Amino acid sequence: MADEKKSKQRDGSMVFESMYPLLALMLILVACVDLCDAATVVDVYRLVQYDISGVPFGSRFSSLNHHAASLSFQRGADLSRSVLILPLRELDLGFLQDYISQKQSLGGLLILLPQTLRPGNIGGGSVLSETQGFRKLLAQLEKLLVHGNIPFPVYFAFENEETDAMLADVKKNDALGQQATATTGGYKLVISVSEPRKIASPTITNIQGWLPGSRAEGDSNQLPTIAIVASYDTFGAAPALSVGSDSNGSGVVALLEVARLFSTLYSNPKTRGRYNLLFALTSGGPYNYEGTQKWLKSLDQRMRESIDYAICLNSVGSWDNELLVHVSKPPDNAYIKQIFEGFSNVAEDLGFQVALKHKKINISNSRVAWEHEQFSRLRVTAATLSELPTPPELLESAGSLSDTRQLVHDDAIIKGVKLVAESLARHIYGHQRKDIKIFADDSSLAVNPFNVRSWLDLLSQTPRVAPFLSKSEPLIMALKKELEDYTAEVSVQHESLDGIFTFYDSTKASLNIYQVASVTFDLLLLLVLGSYLIVLFSFLVITTRGVDDLISLFRRPPSRKVKMV
Amino acid sequence: MTLFHFFNCAILTFGPHAVYYSATPLSEYDTLGTSVKAAVVYLATALVKLVCLATFLQVSETEVFDPYQEALKAMIGFIDVAGLYFALAQLTHRNISQNHKFQAVGLGWAFADSVLHRLAPLWVGARGLEFTWDYVLQGLEANANLVFTISLAALGSLMWLRKNKPKTLIPIIYTCAVIIATMPSITSYLRRVMGWHFPKVVGFELMTSLVMAFISCQLFILCQRPSL
């Protein structure tokens with residue numbers, strides 16, 4: 001009786017003692033792997049994918065299912081099954097260039113951009129200086145990525161706390177030399193989207209507004225016309241982020257404001273000029289101004305011949321003292337002289353300068369760098385008002401990642417609007433050399449800065465890459481409605497973007513970040529659990545049936561063999 | 001890979017029940033029927049509890065510890081005790097000794113509890129790509145629950161099936177039974193008011209379960225003495 005009680009007590013203490021090492025092992029396991037949060041989801045934007053005459057450019061893949069790696073990986077490590085995470089601040093352009101040119105395989109590339117470059121982010125001045133340093137780096141990166149053929153998925157994302165934490169963790173692991181693979185745990189990045197497909201027949205939409213002048217006694221068709229044109233679509237490294245505030249959101253806003261001012265003037269028959277005004281918002285700008293060409297060709301021949309001259313607006317949002325007038329006809333041409341004189345007189349009054357830049361058109365070269373060249377090819381006098389000193393290359397300066405709202409100064413656009421409106425008005429009403437301010441501030445014809453600001457804000461949050469805009473896109477409807485308010489006749493023209501460009505869809509996706517445990521961890525856990533169950537089993541057998549029973553469990557087979565013999 | 005993790009957590013959650021059954025003399029005396037009956041009684045009890053909770057409890061959006069609600073939950077928790085009483089005392093079992101009866105009932109009860117509360121989350125969650133410690137902790141909690149249930153069954157059998165008990169031990173028996181029965185309220189109090197995280201709560205449960213098992217074991221032995 002007493003012995004039984006003692007053995008039970010000893011067994012009781014044995015319980016605790018056998019549990020200690022097990023508990024200690026579990027505590028060590030817990031300490032090794034940090035307690036992790038649930039999976040995070042981040043919005044990511046894919047690099048553009050397009051072909052020019054069948055030659056592939058951009059990132060050719062979209063789905064992703066690999067482990068994360070950072071730049072601190074060991075040299076010579078195999079990254080073909082990893083996604084490289086590169087924050088913009090630590091970008092090593094040379095390394096990336098080598099990787100792409102040597103066609104080394106990489107699982108994927110994730111570029112983290114600072115939050116200040118986010119389209120909806122209207123930051124303050126202190127932030128601006130930080131982003132200035134990035135703009136040049138970003139421009140070089142975009143050039144490299146857009147003009148290269150990249151055989152792995154490339155995505156852009158904005159930094160936030162979760163990505164920062166993950167990146168710090170990944171860097172720490174990489175520094176220790178533990179390459180994240182299936183057996184060593186780490187982070188797994190998964191983007192599950194279908195493979196990108198060609199966009200069948202992308203449409204470009206031109207919107208034109210017609211403001212008729214007052215006829216004297218003759219036909220209104222014989223009235224001369226002045227055209228104001230701006231292209232509203234963009235192209236950039238990440239089509240879902242191409243908001244193009246300066247190129248060419250500023251031009252669109254300037255055009256709308258000029259249209260508003262003249263619609264006020266023309267609403268009263270007494271102040272209606274003897275010129276028709278034609279406002280056009282064209283698409284297809286980055287692709288050699290295909291939309292402008294198609295729109296011009298679709299115009300009635302008589303209408304086209306009645307165009308006295310056309311002013312094209314391209315990037316008028318971030319200049320200070322000098323605005324450039326680009327022409328393709330030689331500067332000593334009478335019409336060009338007239339236009340330029342008009343501009344420089346007004347500019348002088350307003351306190352800045354304009355300069356004339358001449359670039360000859362090369363008929364054999366299909367590259368159309370300025371919008372006015374499309375007019376000149378059809379023998380219409382035209383000039384482009386722009387802050388850009390040199391003609392942009394193909395697919396450049398059309399809404400890059402760094403072209404956000406902060407780049408544009410509202411008063412630059414307002415000065416541009418005043419320049420165009422005043423010079424137009426002086427030409428229309430014949431006050432060329434007089435010192436008159438028709439659109440003076442504090443008058444009923446003043447430029448409305450709130451209108452400018454609200455349209456600019458809207459455009460800075462709307463990506464406008466033409467192949468991804470549908471025919472009834474809300475933005476196109478909004479622009480059409482705005483022109484309907486200001487002009488008498490609005491017509492919308494849908495054309496298909498044929499020619500040498502082919503685009504692929506899948507521009508936006510969700511990235512899932514999982515923290516995964518390695519196979520070794522699972523095996524270790526299995527081992528621990530197996531030993532726990534075995535210990536539990538033996539403990540229970542010992543306490544309820546006695547130690548002899550446990551030993552007899554192992555002794556039975558040999559004794560049987562003996563019996564058989 | 002992650003099916004591996006599911007398998008690991010499953011053997012952690014349900015393994016000890018199987019091991020307990022096979023290791024102790026329960027398997028020799030073929031008490032499976034008793035366990036199954038106990039599991040069925042648990043299901044019925046769970047249904048009754050659900051209906052009562054749905055009728056009387058108000059769902060609060062925040063994780064605030066409302067003493068009135070918690071008291072109500074504890075009272076509904078006593079339906080558990082009533083179910084256990086029914087399984088122990090009212091069901092007819094074959095002639096098995098009291099020693100094995102409470103073990104079998106406790107085992108069946110705990111197994112049904114684990115399956116009902118933990119199998120579905122395990123199947124849905126542990127197979128995912130993301131790794132969390134939650135399911136391992138849940139398995140540990142299932143282990144603690146097994147020990148709790150068996151201790152409660154032991155104390156229950158002492159309370160209702162044994163007639164001659166030493167007078168001094170009766171209050172201890174009842175307090176221990178009350179503590180074990182209100183364990184869910186205690187853990188929810190710790191989690192909400194004291195703000196303990198899941199691992200801490202599970203550790204506390206494991207420790208308490210071992211302590212209570214030890215105490216009920218001792219009580220059982222002490223009560224067994226007069227019958228000898």
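On a predicted model such as this, the values are computed, not experimentally measured, just so you know. So that the names make sense, note that chain A is the first sequence line, chain B the second, and so on, each numbered from 1.
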Original post:
Are Asn143(B) and Tyr532(A) close enough, and set up right, to give a side-chain contact (heavy atoms from CB on, under 4.5 Å), and what steps lead you there?
Top reply: CA-CA 11 Å; Asn143(B) 282 353; Tyr532(A) 163 65; 2.8 Å; yes
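Of the atoms belonging to Tyr20(B), heavy atoms from both backbone and side chain fall under 4.5 Å from chain A. Contacts between Leu523(A) and chain B at a heavy-atom distance below 4.5 Å involve backbone atoms as well as side-chain atoms.
Between Ile11(B) and Leu526(A) there is a side-chain heavy-atom pair separated by less than 4.5 Å. No side-chain heavy atom of Asp522(A) sits under 4.5 Å from any side-chain heavy atom of Phe7(B). Considering only heavy atoms from C-beta on, Phe521(A) comes within 4.5 Å of Phe131(B) through its side chain.
No donor-acceptor distance shorter than 3.5 angstrom exists from the side chain of Asn8(B) to the backbone of Leu529(A), with no hydrogens or angles considered.
Nearest heavy-atom pair across Glu130(B) and Ile513(A) is OE1-O, 3.8 Å.
Within 6.0 Å of atom CD in Glu195(A), more than 12 heavy atoms from other residues, nucleotides or ligands are found, so the atom counts as buried in its surroundings.
Listed by chain and residue number, Arg89(A) satisfy the salt bridge (Lys or Arg N to Asp or Glu O under 4.0 Å) test with Glu159(A) (two or more places apart in sequence, or in another chain). Shown here are the ring-ring contact (aromatic ring centres under 6.0 Å, His included) partners of Tyr85(B), two or more places apart in sequence or in another chain: Trp160(B).
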